[in-house]
Number of protein chains: 2
Amino acid sequence: MSSTYHHGDLRRALIDAAVEAIAETGPSALSLRAAAKRAGVSHSAPAHHFGDKAGLLTAVAVQGYERFADTLERSWRRTGDFIEVGAAYLRFAIDHRAYFETMFRPELLHEEDPDLVRGRERARRILYLGSAPAEEGVLYDRRALAAWSLVHGLSSLLVSGNFPPELAADPEAAFRAVAAGLGELRG
Amino acid sequence: MSSTYHHGDLRRALIDAAVEAIAETGPSALSLRAAAKRAGVSHSAPAHHFGDKAGLLTAVAVQGYERFADTLERSWRRTGDFIEVGAAYLRFAIDHRAYFETMFRPELLHEEDPDLVRGRERARRILYLGSAPAEEGVLYDRRALAAWSLVHGLSSLLVSGNFPPELAADPEAAFRAVAAGLGELRG
DNA sequence: CGCGTCAACTTGACAGTGTCAAGATTTGCG
DNA sequence: CGCAAATCTTGACACTGTCAAGTTGACGCG
């Protein structure tokens with residue numbers, strides 16, 4: 001039967017299936033066989049395209065980094081504001097939780113994968129350097145690192161359920177409130 | 001043979017074995033059978049004490065939260081300074097990486113476990129309220145939430161390998177530099 | 001048009017995993 | 001001393017990732 005053999009776009013279909021499954025159970029509980037079943041193919045079809053379980057998760061992470069970097073870049077261009085980019089970051093973590101969780105779980109990925117390295121590097125460049133044009137020698141902007149840490153911490157705490165319940169209802173508002181009052185921390 | 005039966009302190013031994021294993025492979029790759037072998041008992045001894053794989057990980061997380069809260073509390077008493085507590089937080093994440101990673105991975109734990117809830121609550125109280133005495137109605141201190149997010153983000157990024165390489169060598173110094181310049185973010 | 005080569009996918013097998021039921025051993029309490 | 005309960009083991013089951021071998025289909029070349 002020609003419908004099963006040569007699916008045509010199985011790679012993409014498997015990634016989509018994996019993302020769905022991850023959204024339900026988290027990345028560490030992803031099962032290759034379950035993803036294969038979801039895509040309607042045999043249990044070892046994923047291995048052919050991704051080699052490995054880590055290979056499939058790496059492909060998910062790569063796609064995640066692409067969308068992530070696109071989102072951040074767009075937000076930078078539109079607003080040029082740290083706070084707004086931070087809010088976009090937070091929204092990405094919430095709306096694309098499956099991607100977000102997979103991206104920051106290196107023990108499940110092929111860290112040396114060229115596409116992954118490239119995607120990560122692109123996202124890092126946006127986050128480290130902030131609005132500063134890529135000066136030679138300047139490897140990071142301290143303000144950007146602070147902003148990144150803050151919003152990544154908020155996102156991680158939120159996604160992992162370690163957030164004050166009364167703030168979890170509107171995390172973006174909480175983020176804006178916290179960010180607006182950052183100066184108080186110094187005193 | 002009386003040496004294998006009635007180990008006497010198997011529960012603790014299994015937790016220790018689990019912590020060692022987690023330190024090597026991460027919490028999601030923990031194997032009950034491997035932990036049992038490490039402790040020198042049969043493959044299903046862990047189930048008797050912890051019921052579940054999630055049960056063992058929960059026990060690890062509970063112990064982690066206890067040590068974590070002790071560390072933070074001690075730092076508060078000694079210094080009374082946000083920055084110093086943050087530094088202690090960061091050091092804990094680095095020095096007790098296995099605990100730290102397990103604590104913030106809810107999909108692997110029994111979230112409703114009373115000991116876990118208690119431990120988490122204790123840590124949260126320290127982190128949310130900061131130095132403020134537990135006023136009624138005040139559920140969190142904005143400065144504390146900002147500090148917590150910042151240092152948790154730094155810790156997570158560091159532990160997950162998403163840190164500028166030249167800063168990863170001395171993360172505490174990086175944290176202090178970032179925290180000291182936080183006010184700049186507002187402008 | 002036919003054929004062969006190659007990629008895409010399947011089938012079957014293997015060791016390892018978590019979990020459960022049943023059994024064996026030891027402790028402690030009456 | 002003896003019995004009940006707690007502790008641990010043994011054996012089994014379904015499921016997992018991975019690998020080798022086989023099957024099917026597409027595509028270019030004669």
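Because only heavy atoms are used, hydrogens play no part in the values below, and waters and symmetry mates are left out as well, while side chains stay in. Just so we're on the same page: letters track the sequence lines, and every chain starts at 1.
Separation of atoms CH2 (A:W76) and CD1 (A:I126) is listed at 10.5 Å; rounding is to 0.5 Å.
For the pair B:H48 NE2 and D:dT10 P, the interatomic distance rounds to 15 Å; values are reported in whole Å. One can place CG of B:L14 at 13 Å from P of D:dT7, the figure rounded to the nearest angstrom. Distance CG (B:L108) to P (C:dG18): 12 Å, rounded to an integer number of Å. In this structure, CG of B:L30 is placed 16 Å from C1' of D:dT16, rounded to the nearest angstrom. Rounded to a whole Å, the CG atom of B:L10 is 14 Å from the C1' atom of C:dT26. For the pair A:R38 CZ and D:dT16 P, the interatomic distance rounds to 12 Å; values are reported in whole Å. In this entry the distance linking NE2 of B:H110 with C1' of C:dT19 reads 12 Å, nearest Å. Look at CG on A:D9: it is 13 Å from C1' on C:dA8, rounded to the nearest Å.
Of all the residues in residues 17-29 of chain A, not one reaches under 4.0 Å from DNA chain D with any non-hydrogen atom. DNA chain D lies under 4.0 Å from at least one heavy atom of each of the following residues of residues 49-58 of chain A: A:D52, A:K53.
Classification of the B:F92-B:F68 ring pair by plane angle, with boundaries at 30° and 60°, yields tilted. In this pair, B:W148 and B:H152 present their aromatic rings perpendicular. The plane angle is above 60°, beyond the 30 to 60° band.
Sorted pairs that involve residues 144-160 of chain B and meet salt bridge (Lys or Arg N to Asp or Glu O under 4.0 Å), not counting sequence neighbours, are lacking altogether.
Side-chain atoms of B:S160 and A:R105, non-hydrogen and from C-beta on, never get closer than 4.5 Å to each other. Taking 4.5 Å as the limit, every side-chain heavy atom of B:F50 sits out of range of all side-chain heavy atoms of B:L57. Proximity of A:D52 to A:H110: side-chain heavy atoms (C-beta onward) are separated by under 4.5 Å at one or more points.
Judged as a side-chain hydrogen bond (donor to acceptor under 3.5 Å, both in side chains), and not counting sequence neighbours, B:R78 has no contacts. For B:D70, the side-chain hydrogen bond (donor to acceptor under 3.5 Å, both in side chains) partners at least two apart in sequence or on another chain are B:R122.
Both B:L154 and B:I94 are assigned to one and the same hydrophobic cluster, defined by single-linkage of ILVMFWY side chains at heavy-atom distances under 4.5 Å.
In the set D:dC8, C:dA8, C:dT19, C:dT19 carries the atom at the smallest distance from any side-chain atom of B:L32.
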Legend entry - Contact state string [nucleotides 11-16 of chain C, B base, S sugar-phosphate only, - no protein heavy atom under 4.0 Å]: BBB---
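Tested against B:P27, the residues B:V19, B:L109, B:I22 include a single side-chain contact (heavy atoms from CB on, under 4.5 Å) partner, B:I22.
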